[in-house]
Amino acid sequence: MSRSRMPSSPKLKCAESRVDRAIFISDIHLSENEKGVSALFLSFMGNQASSASRLYILGDLFDAWAGDDDLDDPFNRKVVESLERLVKKGVRLHVMHGNRDFLLGRSFFERAGAVHLPDPYLIDLNGEKTLLTHGDMLCTADAEYQAFRKEVRDESWQSDFLMQPLFMRKEVISRLREKSEEKKQEKSMEIMDVDQEAVESLMRKYDCSRLIHGHTHRPARHQFLMGALSCERWVLGDWRESSALCLQGEDGKLDFVDAANR
Ligand code: LP5
Ligand code: MN
């Protein structure tokens, strides 16, 4: 299977003047083996997400994505249909790649009716420039991961990988997951966190004072100064515990809410 090129999105867009209710989530890591998370996600899509004007999924919607030729897998189909239903209700759906599902391609986006967001992506959230990223690119102290990332994000590497039969890709992914878990045991929590210098350098580049990301699964709101500028970094959590988290912005305010609340 060859990789269909993603629809091109502008690298920087900051034209969304008014967001009534935006929800930001990430790291749902949907998989058939995690029934609780899947049930929570589907219920969230039918309830809280349905009342938003836009939903931003900042990477790792899936625990692993082997290629769009897996769209007809019954579990994947159920998830994509839930996205499609949401879009039909009028919610604008934006999906960014994560390190687990960067192979989500054109067919996925077309079927779901979602807009692909490049990473990073700048939005104007009720008048405040807000930069969105999955977050893995900011873990610059994790040199081994960054080398791996560079290799697998290469377009020709991905085309070659997608030429392999689906079952073989799934085997490779499963071995890679084991290897990654093994490697993570050897790394400190600090190494696997975002690097503050990388955060500030990215925020300077995009001239913004607010960043929202996932990946590290350490939900928090960090406040810091960049020179005289007061900045904030929101970190989204994963959905493995009952306190699944998302952020919703109403009248410019952001706060964590429990995705299990109806
Ligand atoms: O996701 P998380 O938080 O658990 O860990 C990440 C980093 N690990 C990864 C690997 C993914 O988990 C694997 C699933 C990817 C699915 C994509 C499919 C398509 C590509 C298939 C490519 C073969 O992203 C982890 C970080 C951690 O975040 C924190 O930031 O530390 O990074 C690693 O553990 C990577 C290792 O440091 C280096 C990996 C070397 C790989 C060696 C080759 C093994 C070959 C096995 C099969 C052929
Ligand atoms: Mn991730």
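Order of listing sets the numbers, starting from 1, for every ligand and every atom in it. Starting from 1, each residue takes its place in the sequence as its number.
We find that Arg106 and Asp68 are not joined by a salt bridge, their nearest charged nitrogen and carboxylate oxygen being 4.0 Å or further apart. Using a 4.0 Å cut-off between a side-chain N of Lys or Arg and a carboxylate O of Asp or Glu, Glu84 and Lys88 qualify as a salt bridge.
Residue-ligand proximity: Asp136 is placed with every non-hydrogen atom at 4.0 Å or more from ligand 1. Heavy-atom separations between His217 and ligand 1 are all 4.0 Å or longer. Using a 4.0 Å cutoff on heavy atoms, Arg169 does not count as a contact of ligand 1. The closest approach between any non-hydrogen atom of Phe62 and ligand 1 is not below 4.0 Å.
At least one N/O/S atom of Asn99, whether from backbone or side chain, sits less than 2.8 Å from the Mn ion (ligand 2). At least one N, O or S atom of Asp60 sits under 2.8 Å from the Mn ion (ligand 2).
Scanning for salt bridge (Lys or Arg N to Asp or Glu O under 4.0 Å) contacts around Asp136 gives Arg149, Arg153, with sequence neighbours left out.
Within the set Phe161, Trp157, Tyr145, the minimum heavy-atom distance to atom 22 (C) of ligand 1 is found for Trp157. Across Lys179, Met189, Arg177, Lys183, heavy-atom proximity to atom 13 (C) of ligand 1 is greatest for Arg177.
Where the criterion is an N or O separation shorter than 3.5 Å, residue side chain and backbone included, Arg175 fails it with respect to ligand 1. Residue Trp65 places no N or O, backbone or side chain, under 3.5 Å from any N or O of ligand 1.
Set against the non-hydrogen atoms of Leu103, the atoms of ligand 1 under 4.0 Å away are 19 (C). Residue-ligand proximity, Phe102 to ligand 1, at heavy-atom distances under 4.0 Å covers atoms 17 (C), 19 (C), 20 (C).
At the top of the distance list for atom 24 (O) of ligand 1, counting protein heavy atoms only, stands Asn99 ND2, 2.8 Å.
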